[in-house]
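So the structure is just underneath, and the comments pick up after that.
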Amino acid sequence: MNPSPPSPSSLSPSSLSSAGAPVDAERLERLLADPGLAWLLERVRLRIAHGRPLTGTVTLAHPDDLQHRAAERLLGRAPSAGRSRSLTVRLDAVDAILRRSGVSPHGLEVAVVALTGPVAPLTETRDKEARAWAEALAPLAGLSAELADWAGRIRGDGLVRRLARTPEAAAPLVTAAVRTLSALPVDPPMPRATFAARYLSGAHALDEGTPLATLVLSGIRALADFPEGSGAEWRRAACSGTTCRPPC
């Protein structure tokens with residue numbers, strides 16, 4: 001995903017000029033930095049990220065009066081409206097206005113980038129995200145041979161992604177899970193809170209329902225070949241029925 005662009009209203013003409021963009025910064029601010037055109041700028045950024053040409057139309061399904069008035073000021077006329085009062089703007093027309101007026105002699109893409117910041121190509125963004133996820137999951141390689149199949153499955157089944165959502169959140173989650181599973185068996189068995197306080201960030205780190213507890217129990221099931229389940233009764237059965245002696 002592309003990082004959120006800076007708000008056009010927060011950019012001064014001097015900041016646009018200092019970026020070296022071949023635009024008339026002050027006039028560009030007046031023309032495109034209207035809050036009612038934020039949706040249009042975002043659509044253009046998405047097209048740039050996807051490598052699509054800035055031609056044809058873009059449509060806003062349920063525009064408010066502010067967005068209608070902003071489009072009318074930009075185009076110098078009322079924009080096309082659908083039966084449901086949707087708002088349609090021709091990108092070719094906006095490009096022509098920018099070039100013809102001298103506000104952005106190189107067209108719409110240069111203007112939007114000058115106003116909102118660089119746009120990373122989607123392929124580049126996806127590659128960067130894939131590398132981040134690979135790094136977050138890398139600690140799984142340090143698990144014992146008994147958990148190798150589980151580690152391989154976890155890399156591909158989406159469990160960590162569902163629990164953590166982002167690579168930044170996944171990295172400490174996976175590291176803590178590996179630390180927990182590597183500490184097994186616990187002999188003699190100890191309460192979960194005691195184990196968590198000793199090996200993890202605190203006594204509640206393995207509380208039921210937390211992402212870490214979910215991931216660790218998944219690993220324990222793999223060690224014990226215990227069937228899937230949920231709830232306190234199932235967890236107690238899983239713990240008592242394993243030879244790895246997890247904290248329960």
Side-chain angles (χ1 to χ4, degrees), residues 1-11 15-16 18-25 27-64 66-68 70-75 79-101 103-137 155-158 160-162 164-170:
M1 293 183 296
N2 285 318
S4 298
S7 169
S9 60
S10 69
L11 298 174
S15 69
L16 297 180
S18 64
V23 298
D24 184 327
R27 293 169 65 204
L28 178 60
E29 281 271 331
R30 292 200 301 266
L31 195 64
L32 286 183
D34 191 310
L37 295 176
W39 71 274
L40 178 61
L41 299 181
E42 185 57 30
R43 298 289 183 86
V44 172
R45 287 180 63 85
L46 283 173
R47 288 206 179 193
I48 296 171
H50 283 275
R52 296 171 56 197
L54 301 183
T55 57
T57 61
V58 290
T59 299
L60 184 63
H62 303 290
D64 56 29
L66 177 69
Q67 291 162 329
H68 264 289
E72 186 169 352
R73 283 192 298 270
L74 171 63
L75 299 172
S80 301
R83 279 183 239 177
S84 61
R85 204 174 170 268
S86 61
L87 176 59
T88 298
V89 173
R90 292 193 60 82
L91 296 179
D92 312 73
V94 179
D95 184 84
I97 289 170
L98 292 166
R99 292 176 187 270
R100 189 170 57 246
S101 65
V103 170
S104 178
H106 295 282
L108 179 57
E109 180 172 346
V110 168
V112 170
V113 169
L115 193 62
T116 64
V119 181
L122 197 57
T123 52
E124 178 183 313
T125 304
R126 285 174 175 166
D127 289 345
K128 183 178 179 181
E129 185 176 8
R131 288 194 299 271
W133 275 109
E135 291 174 8
L137 295 170
R155 286 189 181 92
D157 70 0
V160 175
R161 289 175 183 260
R162 291 193 298 274
R165 302 294 183 185
T166 68
E168 293 76 17

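The model shown is predicted, which means the values in this text are computed figures rather than measured ones.
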Side chains of Asp34 and Leu74, heavy atoms from C-beta outward: is any pair under 4.5 Å? no

Which residues pass the side-chain hydrogen bond (donor to acceptor under 3.5 Å, both in side chains) test with Thr123, sequence neighbours left out? none

Quick one: closest heavy-atom pair of Ala136 and Pro167, and the distance? CB-O, 3.7 Å

Please report the interatomic distance CD(Glu109) to CZ(Arg45), rounded to the nearest 0.5 Å. 11.0 Å

For the residue pair Leu28 and Ala111, what are the closest heavy atoms and their distance? CD2-O, 3.6 Å

N/O donor-acceptor pair under 3.5 Å between Arg52 side chain and Leu46 backbone: no

Rounded to the nearest 0.5 Å, how far does CG of Leu37 lie from CZ of Arg73? 7.5 Å

Return the set of residues passing side-chain contact (heavy atoms from CB on, under 4.5 Å) with Arg100 (not counting sequence neighbours), or none when no residue passes. Ala96, Ile97

Can you name the nearest heavy-atom pair linking Leu41 to Leu32, along with the distance? CD1-O, 3.7 Å

Using salt bridge (charged side-chain N to carboxylate O under 4.0 Å, His left out) as the criterion, list what pairs up with Asp127, not counting sequence neighbours. none

According to salt bridge (charged side-chain N to carboxylate O under 4.0 Å, His left out), who are the partners of Arg161, at least two apart in sequence or on a separate chain? none

Counting only heavy atoms not in Arg165, do more than 12 fall under 6.0 Å of its CZ? no

Separation of Thr166 OG1 from Glu129 CD (nearest 0.5 Å): 9.0 Å

Test side-chain hydrogen bond (donor to acceptor under 3.5 Å, both in side chains) applied to Arg99 - qualifying residues, sequence neighbours left out: Asp95

What's the verdict on side chain to side chain contact (heavy atoms under 4.5 Å, CB included) for Thr55 and Asp92, showing C-alpha distance, side-chain angles and the deciding distance? CA-CA 5 Å; Thr55 57; Asp92 312 73; 3.5 Å; yes

Pairwise side-chain contact, Val103 with Val23, heavy-atom cut-off 4.5 Å (strictly under): no

Who pairs with Glu124 by side-chain contact (heavy atoms from CB on, under 4.5 Å), at least two apart in sequence or on another chain? Ala120, Pro121

Shortest non-hydrogen contact between Thr88 and Thr59, atoms and distance: OG1-OG1, 3.0 Å

Roughly how far, to the nearest 0.5 Å, is OG of Ser104 from CG of Leu31? 10.0 Å

Considering all heavy atoms of both residues, which atom of His62 and which atom of Gln67 are nearest to each other, and what is their separation? O-OE1, 4.3 Å

side-chain contact (heavy atoms from CB on, under 4.5 Å) partners for Leu137, two or more places apart: Leu140, Arg155, Val160, Val174

By salt bridge (charged side-chain N to carboxylate O under 4.0 Å, His left out), Arg27 pairs with (sequence neighbours left out) Asp24

Residues passing the side-chain contact (heavy atoms from CB on, under 4.5 Å) test with Arg43, sequence neighbours excluded, are Trp39, Val58, Leu60

Heavy-atom closest contact (Pro63 atom, Ser86 atom, distance): CD-CA, 4.0 Å

